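What follows is a single structure, written as structure tokens, with notes after it.
Computed from a prediction, not measured in an experiment: that's the story for all the values here. The first residue in the sequence is number 1, and the count goes up from there.
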Amino acid sequence: MFADGKLYKINPDFRNILRIFALAEDKNIPDAKKATKISEWFFDGEIPTPALRAPPSGKGASGYPELTKAADIFSDFIAGDSAIPPPLRGIPPLTRGANEDSAQFCFDFDAGEIYADFLSVYNIDLVEVDFLHWYKFKILLENLPPDGAFRRKIELRFLDLSNMTGDNLSKLTDAKERVQLPEKFFDRDLKYSDNLQDLEEFNNIWGKAGNN
């Protein structure tokens with residue numbers, strides 16, 4: 001990735017990007033530690049200067065520009081998602097958010113449907129595949145068919161039941177409640193080691209940590 005007039009080697013595998021999202025959304029991890037780990041995980045080798053240094057206890061990342069520099073470059077990489085072509089079949093684009101009001105889906109909660117559709121539609125095993133670039137993963141995700149498990153789950157999640165009555169209403173209400181995004185995915189309490197090398201919840205769902 002080219003940034004600040006220099007070429008950096010990065011790890012853009014989709015699993016690595018997903019675990020960075022999981023780290024960033026964990027409210028229990030200090031911002032400074034998040035910025036440090038995002039830098040270490042995203043950059044495969046040299047980390048942009050100025051060199052990272054540990055902040056004094058109680059200091060957040062905002063007090064140390066050198067801690068946020070690499071994280072800003074990562075943000076620029078994610079912003080590159082806007083260059084991804086829209087879905088090809090007239091399907092509304094997906095919106096992933098860090099809170100219940102803005103999110104249509106959650107990579108963790110909807111992992112089973114995402115995995116099943118990638119396997120059935122693209123013959124890609126997301127657990128076993130050696131490498132899949134984040135941008136490619138996003139393109140494939142956006143273009144999963146409307147009759148697939150993932151899109152149908154999202155459709156049910158936002159289904160308007162106002163005109164339903166009788167048994168249909170009861171059944172669909174129960175089904176809709178089962179697919180709603182649990183609050184725990186917006187109030188993360190991930191288990192991690194002192195060095196944050198192993199996000200247990202993420203690894204239990206997606207397998208490989210994303211490092212090649």
Taking [Y]'s backbone N and O only, do any of them form a donor-acceptor pair with [X]'s side chain (distance below 3.5 Å, no angle check)?
X	Y	result
D125	E128	yes
N11	D44	no
R157	Q104	yes

Could you pull out the closest heavy-atom pair between [X] and [Y], with the gap in Å?
X	Y	value
T173	L169	OG1-O, 2.6 Å
E142	R151	O-NH2, 2.8 Å
D110	K153	OD1-NZ, 2.9 Å
Q180	K176	NE2-O, 3.0 Å

List the steps and the verdict of side chain to side chain contact (heavy atoms under 4.5 Å, CB included) for V121 and L140. CA-CA 10 Å; V121 176; L140 296 176; over 6 Å; no
Begin from the C-alpha positions of F21 and W134 and carry the test ring pair (Phe, Tyr, Trp, His ring centres under 6.0 Å) through to its verdict. CA-CA 12 Å; F21 284 161; W134 171 249; 5.5 Å; yes
For D167, the side chain to side chain donor-acceptor pair (under 3.5 Å) test, sequence neighbours excluded, returns none
Residues two or more places apart in sequence or in another chain: which of them pass side chain to side chain donor-acceptor pair (under 3.5 Å) with N168? none
Do the side chains of [Y] and [X] get nearer than 4.5 Å, heavy atoms only?
X	Y	result
F77	P12	yes
K33	T36	no
I10	F74	no
I17	I78	yes

Distance check, rounded to the nearest 0.5 Å: [X] atom [atom1] versus [Y] atom [atom2]?
X	Y	atom1	atom2	result
I139	L144	CD1	CG	12.5 Å
W41	N16	CH2	CG	8.0 Å
D108	L181	CG	CG	10.5 Å
L23	I29	CG	CD1	4.5 Å
R19	F42	CZ	CZ	12.5 Å
D160	N163	CG	CG	6.0 Å

Which residues satisfy the ring pair (Phe, Tyr, Trp, His ring centres under 6.0 Å) test with F118, sequence neighbours excluded? Y122, F137
Geometric cation-pi criterion K138 and F14, 6.0 Å radius, 45° cone: no
Please enumerate all residues that pass side chain to side chain contact (heavy atoms under 4.5 Å, CB included) together with [X], with sequence neighbours excluded.
X	result
L159	L156, L161, L172
D174	S170, E177, R178
E155	none

Go through the steps to decide whether L141 and F107 satisfy the test side chain to side chain contact (heavy atoms under 4.5 Å, CB included), and finish with yes or no. CA-CA 11 Å; L141 181 72; F107 284 116; 3.7 Å; yes
Check D147 with R152, please: is the shortest side-chain N to carboxylate O separation under 4.0 Å? no
Quick one: do K136 and D13 make a salt bridge, cutoff under 4.0 Å? no
Evaluate I124 against L119 for side chain to side chain contact (heavy atoms under 4.5 Å, CB included), listing each step before the verdict. CA-CA 5 Å; I124 296 176; L119 190 59; over 6 Å; no
